[in-house]
Amino acid sequence: MNLPGKLIYGWKAIVVVIMATLAPVAPAMAQGETVCVQCHSTQSGRALKPVKPWQGSIHAENGISCHNCHGGDPKDAANAMNPERGFLGAPRETGIPAFCGRCHIGIKGDFITSAHGRALGQGGPTCVTCHGSHEIRKATLDLINEKSCTQCHSYDRARTIRQAMEQTENTLSSLAGRLESFKGQGVDTLPLEKRLFSQRNRYRSLFHEVDTVKVKDESAKIALELTALKTVLDKIDSEHRQRRIIGVFAVAATLLAALLLLLLRRTYSR
Ligand code: HEC
Ligand code: HEC
Ligand code: HEC
Ligand code: HEC
Ligand code: HEC
């Protein structure tokens, strides 16, 4: 991907954070404090059902509550679900990408132009087909699995995507672990972390276009960048090893000198 591409993805990540900050109620507000959660917790059936799954979700963890997705007034029980207070209700199937995409702008864009987005309302999946709606967790490659991806077509293309991405993810996490171990050893890790982070973002933005050719091409390019980064880490490692050997020699030499000095003193003081 070219530089503008990288910038756009960095930018998209920032937008998610800003949207979350601008959300009507500050994320610091404790769970359970909105009238939405309060009242829905005392309901039954379909009104109660979302509460528990949401409580265990990555959205609850990040302060994204019912009203952040559904709109409405989280402080006024009598008017909470009034459209005049911005209440949106539950989205219809075709409205879901836009509903989630208010915050996940970049992903919405990739999804809409993909084969999946083009089949929206005609048998294609929406965001909630793969992620769920209230029980949403941190996204991992486990979301690409035979059970989920063969609901509508065969698994072969999904497998290709998963395999390419898995390899990159393994390299990314191994390099991240090595970088972490350099901390506190006098290495300026910041520029290296930036390099790793930008490849990670590039990798994380690969999936939603479901373009097998692009996933393979981009994964190969990312692999090249990561190999270059690994070479830098290997060099630092070997420098450290040399320094440790030199250190051992220096200590040994100092001890030897001290011993000689001691012997000399004894010789002269006799
Ligand atoms: C005083 C109780 C109460 C409060 C406060 C409340 N709700 Fe509800 N809500 C309900 C009940 C009951 C239903 C189910 C109505 C039905 O089954 O038709 C419902 C339905 C919904 C639905 C489904 C609507 C649809 O289109 O099918 C959503 C979404 C929703 N509430 C979100 C919210 C949000 C967001 C808030 C806060 C801004 C909120 N509710 C506040 C009681 C409440
Ligand atoms: C991340 C966004 C998001 C959050 C947060 C969220 N919802 Fe929803 N909700 C959705 C989506 C999308 C749908 C429609 C798709 C579906 O039903 O799976 C939905 C559907 C619903 C429905 C209709 C369910 C049905 O069976 O018809 C109710 C009721 C509801 N939400 C209430 C809530 C309540 C109460 C909370 C807070 C405890 C909440 N939602 C938090 C996205 C969200
Ligand atoms: C009001 C803003 C908002 C809306 C609307 C919203 N999200 Fe989120 N979402 C967030 C924030 C904030 C996070 C946590 C920070 C992050 O990981 O980006 C998050 C995290 C996620 C994650 C985990 C990301 C990861 O790092 O693994 C997924 C998956 C996700 N959202 C999917 C959805 C889906 C699907 C919908 C619609 C049903 C939705 N979101 C609606 C703000 C929102
Ligand atoms: C066909 C299944 C599928 C659909 C449809 C889908 N996703 Fe995903 N999503 C995934 C998979 C798989 C990943 C994990 C990719 C990875 O590990 O890098 C993911 C990752 C994510 C992430 C985390 C990305 C990051 O940068 O950390 C978010 C947020 C997200 N999806 C939101 C959405 C939203 C919003 C939509 C709808 C516009 C959507 N997804 C549609 C399968 C899907
Ligand atoms: C709800 C149905 C549905 C589900 C679930 C689904 N897909 Fe698809 N997918 C489609 C449709 C429809 C198409 C377009 C027709 C085709 O190429 O088969 C498609 C096309 C694709 C393509 C080809 C894209 C292209 O540009 O040629 C890939 C790759 C793909 N899906 C991957 C996945 C993966 C991975 C999963 C699981 C995480 C998944 N799909 C789950 C409906 C679905």
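The figures here come from the full heavy-atom set of this structure, side chains too, leaving out hydrogens, waters and symmetry mates. Whatever order the structure lists them in is the order used to number ligands and atoms, beginning at 1. Residues take their numbers from the sequence shown, with the count starting at 1.
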Note to self: With heavy-atom distances below 4.0 Å as the criterion, list the atoms of ligand 5 near Ser148.
What the structure shows: 5 (C)
Next item on the list: Starting from atom 13 (C) of ligand 4, locate the nearest protein heavy atom and write down its residue, its atom name and how far away it is, to 0.1 Å.
Entry: Leu143 CD1, 3.9 Å
Check: Judging by distance only, is a nitrogen or oxygen of Thr126 under 3.5 angstrom from one on ligand 4?
Finding: no
Next item on the list: Test ring pair (Phe, Tyr, Trp, His ring centres under 6.0 Å) on Phe87 and His67 and set out the steps.
Entry: CA-CA 8 Å; Phe87 185 63; His67 62 287; over 10 Å; no
Notebook entry, point to check: Is the distance from atom 8 (Fe) of ligand 3 to the nearest N/O/S atom of Cys103 under 2.8 Å?
Noted result: no
Note to self: Please state which option from Ala139, Gly106, Cys130, Cys152 has its nearest heavy atom closest to atom 23 (C) of ligand 4.
What the structure shows: Ala139
Next item on the list: Specify the protein heavy atom at minimum distance from atom 42 (C) of ligand 4: its residue, its atom name, and the distance to 0.1 Å.
Entry: Phe207 CE2, 3.2 Å
Notebook entry, point to check: Numbering the atoms of ligand 3 from 1, which are under 4.0 Å from a heavy atom of Ile58?
Noted result: 20 (C), 21 (C), 22 (C), 23 (C)
Margin query: Suppose I only count heavy atoms of Asn62 and a 4.0 Å limit; which atoms of ligand 3 are within that range?
Written below: 14 (C)
Notebook entry, point to check: Can you tell me the protein heavy atom closest to atom 37 (C) of ligand 5 and the distance?
Noted result: Cys149 SG, 2.0 Å
Checklist line | Protein contact of atom 28 (C) of ligand 4 - nearest heavy atom, named by residue and atom, plus distance | finding: Ile107 CD1, 3.3 Å
Check: What atoms in ligand 3 come closer than 4.0 Å to a heavy atom of Arg102?
Finding: 5 (C)
Next item on the list: Between Thr140 and ligand 4, find which residue part has any heavy-atom pair under 4.0 Å and reply side chain, backbone, both or neither.
Entry: backbone
Margin query: How large, to 10°, is the angle at atom 8 (Fe) of ligand 4 when you draw lines to NE2 on His131 and to NE2 on His208?
Written below: 180°
Notebook entry, point to check: How far is atom 35 (C) of ligand 5 from its nearest protein heavy atom, and which residue and atom is that?
Noted result: Ala158 CB, 3.4 Å
Notebook entry, point to check: Should Asp237 and Arg241 count as an ion pair when the cut-off is N to O under 4.0 Å?
Noted result: no
Margin query: Any nitrogen or oxygen of His104 lying under 3.5 Å from a nitrogen or oxygen in ligand 3? Just yes or no.
Written below: yes
Check: Nearest protein heavy atom to atom 12 (C) of ligand 5, by residue and atom, and its distance?
Finding: Ala119 CB, 3.7 Å
Next item on the list: Distance to 0.1 Å, residue and atom name: give those for the protein heavy atom nearest to atom 25 (C) of ligand 4.
Entry: Arg204 NE, 3.9 Å
Next item on the list: Considering the heavy atoms of Phe99, write down every atom of ligand 3 situated less than 4.0 Å from one of them.
Entry: 5 (C)
Check: Does some non-hydrogen atom of Asn201 fall short of 4.0 Å from ligand 4?
Finding: no
Check: Does His116 approach ligand 5 within less than 4.0 angstrom via side chain, backbone, both or neither, non-hydrogen atoms only?
Finding: side chain
Note to self: Let me check your reading of the structure: within less than 2.8 Å of atom 8 (Fe) of ligand 4, is there an N/O/S atom from Cys127?
What the structure shows: no
Check: Where is the nearest protein heavy atom to atom 18 (O) of ligand 5: which residue, which atom, and how far?
Finding: Arg157 NH2, 3.0 Å
Notebook entry, point to check: Quick one: does Asp211 get within less than 4.0 Å of ligand 5, heavy atoms only?
Noted result: no
Notebook entry, point to check: So which bit of Val210 gets within less than 4.0 Å of ligand 4, heavy atoms only: side chain, backbone, both or neither?
Noted result: neither
Check: Do any N/O atoms on His153 end up under 3.5 angstrom from N/O atoms on ligand 5?
Finding: yes
Notebook entry, point to check: Counting only heavy atoms, which portion of Lys138 has something under 4.0 Å from ligand 3: side chain, backbone, both, or neither?
Noted result: both
